Amino acid sequence: MESLIDLDYNSEDLCIYLYLLNEIIKEKDFKPYFYINSTDKEQILEFLKDYEKKHKLDSEITKMIEKIETVKKIVFDQDYQEKELSKVTVKYPNNVKTVREILMEFERLYEYDIPFIRRYMIDNKVIPTSNWDFKNNKLIDNKIPEFKTVSFDIEVYCHKGPDPKKDPIIMASFSSKGHNVVVSTKKFDHDKLEYVKDEKELIKRIIEILKDYDIIYTYNGDNFDFPYLKKRAEVFGLELKLGKNDEKIKITKGGMNSKSYIPGRVHIDLYPIARRLLNLTKYRLENVTEALFDVKKVDVGHENIPKMWDKLDETLVEYSYQDAYYTQRIGEQFLPLEIMFSRVVNQSLYDINRMSSSQMVEYLLLKNSYNKGVIAPNRPSGKEYQKRIRSSYEGGYVKEPIKGIHEDIVSMDFLSLYPSIIMSHNLSPETIDCDCCNNEENEEEILGHKFCKKNIGIIPKTLMDLIDRRKSVKKILREKAKNNEFDEEYQILDYEQRSIKVLANSHYGYLAFPMARWYSRDCAEITTHLGRQYIQKTIEEAENFGFKVIYADTDGFYSKWANGEKLTKDELLEKTKTFLKTINDKLPGEMELEFEGYFKRGIFVTKKKYALIDENEKITVKGLEVVRRDWSNVSKNTQKSVLNALLKEGNVENAKKVIQDTIKELKDGKVNKEDLLIHTQLTKRIEDYKTTSPHVEVAKKIMKSGNRVNTGDVISYIITSGNKSISERAEPIETAKDYDTNYYIENQILPPVIRLMEALGITKDELKDSKKQITLHHFLK
DNA sequence: AAAATAGGGAGCGACA
DNA sequence: TGTCGCTCCCTATTTT
C-alpha cells in the first residue's frame with residue numbers, strides 16, 4: 001500500500017520518478033509525444049531531414065524521434081470529427097520543444113505544450129495522495145496518509161530590503177508535530193533555541209532538518225525564503241540537495257514570480273492559497289493568522305530585527321518561532337482541500353498548489369478529453385488572445401432596489417445558477433451550432449445559436465460528473481451526520497465536496513478565460529443571457545404569487561410579503577415553501593431555487609449596497625463603506641454604529657448621536673492616528689498612472705525617502721491640513737504632522753452615513769436638527 | 001468575468 | 001481673470 005506524493009522527470013536516469021511516501025518507482029516506458037495533422041510518416045521525416053540539411057546538422061533531429069504512428073482520434077479543432085493523424089513520440093522531454101518548432105512549419109500540431117509530468121498524470125490512472133495499489137494499478141482507499149509536515153521560515157539581518165549578496169541569514173525556524181525549533185547563529189535565552197556557530201552551519205542544519213519531512217510549508221517561500229537561501233548557500237559553496245534522492249532544489253523564474261520545487265517532497269507555499277481561499281484586505285502572515293485563529297501574533301516590524309539581534313532581545317526568537325508555528329497551523333488547515341483538488345483534477349500537489357482555478361478546470365478537461373479519445377484544442381495564439389481579451393459581453397441582471405428600511409425579508413437564490421444553466425442547455429464550444437443537429441425541427445435558438453441535442457458537450461459532461469460525485473458525497477455525509485459519525489472520513493468527504501463545488505463554479509469563468517483551450521465567448525454570453533432570463537422570470541412569478549421583490553442581483557433576490565396582510569414568520573416561511581415548490585416544478589431538472597434566509601430587518605441603499613439583520617441579531621453588510629478597505633476606520637466605525645442603531649435598535653436618534661459624537665471627537669483631536677489611515681492599493685507601476693491620485697502621490701513620497709514601493713502594495717495615508725489638493729496633502733503616517741478635521745468630517749464621516757439616512761428619506765438638514773424626534777416606523781415601507 | 005458605486009482630478013463654460 | 005458647478009475620465013473596490 002503506497003501513496004504518490006510527487007513526480008518529476010529525472011534527467012540523469014532519463015525517466016520519470018514517481019515519489020511515493022516510502023519508495024521511488026522509476027517509470028521508464030512513458031515517453032513524451034504530440035500530434036501532427038498529417039498521416040504521411042515519410043513526409044514528416046523528410047521534412048525533418050531537409051531541415052537538418054539546411055542547417056548543416058547531422059541526423060540530430062531525426063535521432064530525437066522515437067516513433068511516428070497513425071492514430072484515429074476526434075480532433076476538437078476540426079469540427080469535432082474523427083480522423084486519422086500522426087502521433088509523434090520523441091525520446092526525451094526536452095526534444096519536444098526542438099521538434100515541434102520545426103514541424104510547426106510543416107503542419108498543424110496538437111497537444112504539444114503540455115508539460116511532461118502533467119501529461120503523465122493525464123494519461124495514467126494513479127490518483128495522487130491516495131492509497132494506491134501500484135501492482136494492480138487501482139485505488140485501495142481514500143484515506144489521507146500520515147504525512148510528515150514541517151513549516152519553515154528564515155530571518156535575515158538587514159537594514160533595508162534584504163540583499164542576498166551581503167545580508168546573512170541569522171535564524172531559521174521550524175514547526176512540526178512535536179518539534180518546534182529556532183536555529184540561530186547567536187545564543188538567546190529561549191527554550192526553543194538551538195545554537196549553531198555561524199551562517200554556514202545554519203544552512204547545513206536547515207538542509208538536515210528539512211530532509212526529514214514529506215511536506216514543507218512556507219509563507220511566500222516561492223519568492224523569498226528558498227531563493228534567498230539558495231543564494232546564501234552559493235556564497236558558502238553549499239548546494240541545496242533537499243530532494244528525496246538528494247536532488248537539488250529547482251528554482252524557476254516565470255515573469256514576476258518564481259517557484260521553488262524540491263523533488264520528492266511537496267513545498268506548499270501558503271501565501272497564494274490564502275489569497276485564493278480567503279477574502280481579506282491584506283495577506284501578510286499576521287492577517288491570515290488573525291483571520292483563521294483570531295490570534296494576534298507577536299510583531300516586531302522588519303526594521304527592528306537588526307536592533308533586537310544586536311541587543312539579544314529574546315522577543316526576536318519568539319517572533320521567529322511564532323512565524324513557523326502559525327505557518328504550520330495554516331498549512332494543516334489548507335492541506336486537506338489542496339489534497340482534494342489534487343485528487344479530483346489528478347495533478348500533483350505541488351502543481352495544484354500553484355494553479356489558478358481556471359487552470360485546474362483546464363487540466364480536468366484535458367483528462368476527460370483524453371479519456372474520450374479527443375484531441376484537445378490548442379491554446380490561443382498571440383493574435384487570437386488579444387482578440388479574446390478585447391471582446392466583452394453582458395453579465396448578470398441587477399434590479400434597482402426599493403430604497404429604505406424593510407422588515408420580514410425572505411431571500412431566495414439559485415443553487416449554482418451558471419453550472420446548472422450550462423448543464424441543462426448543453427452549452428459547450430463543440431455543441432454550439434453543431435453539424436449533427438443542423439436540420440432538426442423544433443429547435444430553440446438562443447441569441448441566434450442552437451445547441452446539440454444528440455451528444456453532451458465536454459463542459460456540461462465534466463460538470464455533471466462533478467455534480468453527481470458531489471451529490472453522492474453529500475448523501476454519505478448526511479447519513480454520517482444522522483448517525484453522529486463526525487469522524488476522519490467525514491472530514492475528508494466534506495473537503496471533497498467543497499473542492500468539487502469550487503471546481504464546478506469555475507467552469508463559467510473558464511469559458512470566458514482568454515487563455516482557455518475550451519474558450520467560448522458565445523457560450524459564456526449565452527450563460528449570462530439565460531441567467532438574466534431565469535432570474536427575471538422568477539421575480540415575475542414571485543410577485544404574481546404575492547411577494548414584493550425588494551432587490552435582486554444575478555442569481556438571487558430579497559423579498560417581502562406584499563398582499564396587504566401581515567404574516568407571522570411561520571406563515572411567511574410556509575408561503576415561501578409553497579412558492580419554491582411551484583417554481584421548481586417549472587424549472588429544468590438541473591435548476592433549483594432555494595430558500596436562503598429570513599431577516600427581520602434590512603436597509604437597502606443602492607445596487608450592491610445593503611445591510612441585513614437576522615433573528616440572532618447577526619448583521620450582514622454588503623458593499624457599504626464598512627466593508628471596503630479604502631475608507632478610514634473612523635469612517636467605517638461610524639457607519640457601523642449607525643447601522644447598528646438602525647438595524648438592532650431601530651433608533652434614528654441614536655444614529656444621529658453617534659454621528660455627532662464622532663464629529664466632536666474629530667474636532668477635539670481625540671481620534672487615534674491609525675484610525676485616520678486610508679488604505680489604497682497600487683495596481684500598476686507608478687509611471688503608468690494617467691491621473692494624479694492620493695495613493696500614487698504618497699507612493700512617490702515614500703520612494704523619495706529611500707524606501708521601495710512595488711506594484712500590489714497597499715499604500716496607507718492620512719490627509720493633512722492645508723489648502724492644496726487632497727493628493728498633495730496625503731502623507732504616510734510617519735510624516736503626517738496633523739490631520740484635516742474638515743476633510744475627515746465632510747469626506748469620510750458624513751458621506752457614508754448620509755447615504756444610509758437618505759435611503760430612509762432623512763435629509764441632511766433633518767440630520768442636523770436635534771430637536772425633531774424621528775422614530776423608525778415613520779420610514780417603514 | 002461583468003455590474004455597479006463612488007472619489008478625486010481635469011476640463012469647460014457661465015458668471016461676476 | 002478667478003471660481004463655481006457640472007460632466008467626464010480614471011481608478012479602486014465590491015458583489016454576484
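Here the structure is a predicted model, which is why all the values come from computation and not from measurement. Letters A, B, ... are given to chains in the order of the sequence lines, protein chains preceding strands, and every chain is numbered from 1.
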**Q** Taking any heavy-atom pair under 4.0 Å as a contact, classify A:Val627: base, sugar-phosphate, or nothing.
**A**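 A:Val627: backbone/sugar contact only, no base atoms under 4.0 Å.
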
**Q** To the nearest angstrom, how far is A:Leu756 atom CG from B:dA6 atom P?
**A** 11 Å

**Q** Report the distance from atom CG of A:Leu682 to atom P of C:dC10, rounded to the nearest whole Å.
**A** 19 Å

**Q** Expressed in angstrom and rounded to an integer, what is the separation of A:Asp688 atom CG from C:dC10 atom P?
**A** 14 Å

**Q** Report the relative orientation of the aromatic rings in A:Tyr739 and A:Tyr744; use parallel for angles under 30°, tilted for 30 to 60°, perpendicular for over 60°.
**A**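 The rings of A:Tyr739 and A:Tyr744 stand perpendicular, inter-plane angle above 60°.
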
**Q** Respond yes when some side-chain nitrogen or oxygen of A:Tyr610 is under 4.0 Å from OP1 or OP2 of C:dT16, and no when none is.
**A** yes

**Q** Would you say a side-chain N or O of A:His695 is under 4.0 Å from OP1 or OP2 of C:dA12?
**A** yes

**Q** Under 6.0 Å from the six-membered ring centre of A:Tyr689 and within 45° of its axis: does the NZ or CZ of A:Lys684 meet both?
**A**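 Judged by the rule (NZ or CZ under 6.0 Å from the ring centre, within 45° of its axis), A:Lys684 counts as positioned above A:Tyr689.
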
**Q** Return the nearest nucleotide to the side chain of A:Val398; candidates are B:dA4, B:dA1, C:dT16.
**A** B:dA4

**Q** Would you indicate, yes or no, if B:dG9 has its OP1 or OP2 atom less than 4.0 angstrom from a side-chain nitrogen or oxygen of A:Ser727?
**A**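 Looking at the OP1 and OP2 atoms of B:dG9, one of them is under 4.0 Å from a side-chain N or O of A:Ser727.
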
**Q** Closest to the A:Glu625 side chain: B:dA2, C:dA12, B:dA6?
**A**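 Out of B:dA2, C:dA12, B:dA6, the nucleotide with an atom closest to A:Glu625's side chain is B:dA6.
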
**Q** Test A:Tyr510 against every option in A:Ser520, A:Ser356, A:Ser358 by the side-chain contact (heavy atoms from CB on, under 4.5 Å) rule and name the one that passes.
**A**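 Filter result, single survivor: A:Ser358.
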
**Q** Tell me which nucleotide among B:dA6, C:dT13, C:dT11 gets nearest to the side chain of A:Lys609.
**A** B:dA6

**Q** Could you give the CZ-to-P distance, from A:Arg521 to B:dA2, as a whole number of Å?
**A**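 Rounded to the whole Å, the gap is 9 Å.
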
**Q** Students often get this wrong, so: under 4.0 angstrom with heavy atoms, is A:Lys684 touching a base, only sugar-phosphate, or nothing?
**A** sugar-phosphate

**Q** Can you check the A:Asp630 CG to C:dA12 P distance for me, whole Å?
**A**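 Atom-to-atom, A:Asp630 to C:dA12, this comes out as 10 Å.
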
**Q** Find the distance A:Ile389:CD1 to B:dA2:P and express it as a whole number of Å.
**A**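 Spelled out: CD1 on A:Ile389 to P on B:dA2 is 11 Å.
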
**Q** Is A:Arg532 near enough to B:dA2 that one of its side-chain N or O atoms lies under 4.0 angstrom from OP1 or OP2?
**A** no

**Q** I'd like to know if A:Arg388 pairs up with A:Glu384 as an ion pair, taking the criterion as any Lys NZ or Arg NE/NH1/NH2 lying under 4.0 Å from an Asp or Glu carboxylate oxygen.
**A**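 Salt bridge: yes.
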
**Q** Give A:Ser693 one of three labels, base, sugar-phosphate or nothing, depending on what nucleic acid heavy atoms sit under 4.0 Å from its own.
**A** nothing

**Q** Please give, in whole Å, the distance from B:dA1 C1' to A:Asn505 CG?
**A** 14 Å

**Q** Assess whether side chain to side chain contact (heavy atoms under 4.5 Å, CB included) is satisfied between A:Phe414 and A:Leu593, documenting all intermediate values.
**A** CA-CA 4 Å; A:Phe414 280 99; A:Leu593 187 73; 3.9 Å; yes

**Q** Whether A:Lys622 contacts C:dT16 is assessed here as follows: a side-chain N or O lying under 4.0 Å from the phosphate OP1 or OP2. Is that the case?
**A**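 It does, given that an N or O in the side chain of A:Lys622 lies less than 4.0 Å from OP1 or OP2 of C:dT16.
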
**Q** Does A:Arg628 get its side chain close enough to the base of C:dT13, under 3.5 Å, for a donor-acceptor pair?
**A** yes

**Q** The side chain of A:Tyr689 is closest to which nucleotide in this list: B:dG8, B:dA3, C:dT11?
**A**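 The closest nucleotide is C:dT11.
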
**Q** Whole angstroms only, please: what is the OH-P distance between A:Tyr717 and B:dG8?
**A**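 Interatomic distance, OH of A:Tyr717 to P of B:dG8: 8 Å.
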
**Q** Counting only side-chain N and O atoms of A:Thr692, is one of them less than 4.0 Å from OP1 or OP2 of B:dG8?
**A** no

**Q** Under 4.0 Å, counting only non-hydrogen atoms across every strand here, what does A:Tyr743 touch: a base, just sugar-phosphate, or nothing?
**A** sugar-phosphate

**Q** B:dG7, OP1 or OP2 - any side-chain N/O from A:Arg755 closer than 4.0 Å?
**A**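 It does, given that an N or O in the side chain of A:Arg755 lies less than 4.0 Å from OP1 or OP2 of B:dG7.
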
**Q** Closest nucleotide of DNA chain B for A:Gln748 versus for A:Pro514: which of these residues is on the 5' side?
**A**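 The 5'-side residue here is A:Pro514.
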
**Q** If you compare every side-chain N and O of A:Asn747 against the phosphate oxygens of B:dG7 (OP1, OP2), does one of them come in below 4.0 Å?
**A**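 So the side-chain polar atoms of A:Asn747 never come under 4.0 Å of the phosphate oxygens OP1 or OP2 of B:dG7.
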
**Q** Are a donor atom and an acceptor atom from the side chains of A:Tyr508 and A:Thr528 found within less than 3.5 Å of each other?
**A**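 No - no donor-acceptor pair under 3.5 Å links their side chains.
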
**Q** Is there a side-chain polar atom (N or O) of A:Lys608 under 4.0 Å from OP1 or OP2 of C:dT15?
**A**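 Negative; the distance criterion is not met.
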
**Q** A:Ala512 side chain: which of C:dT16, B:dA1, B:dT5 is closest?
**A** B:dA1

**Q** Of the nucleotides C:dA12, B:dA2, B:dG8, which has the atom closest to the A:Tyr393 side chain?
**A**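 Nearest nucleotide to the side chain: B:dA2.
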
**Q** Are there more than 12 heavy atoms of other residues, nucleotides or ligands under 6.0 Å from atom NZ of A:Lys399?
**A** yes

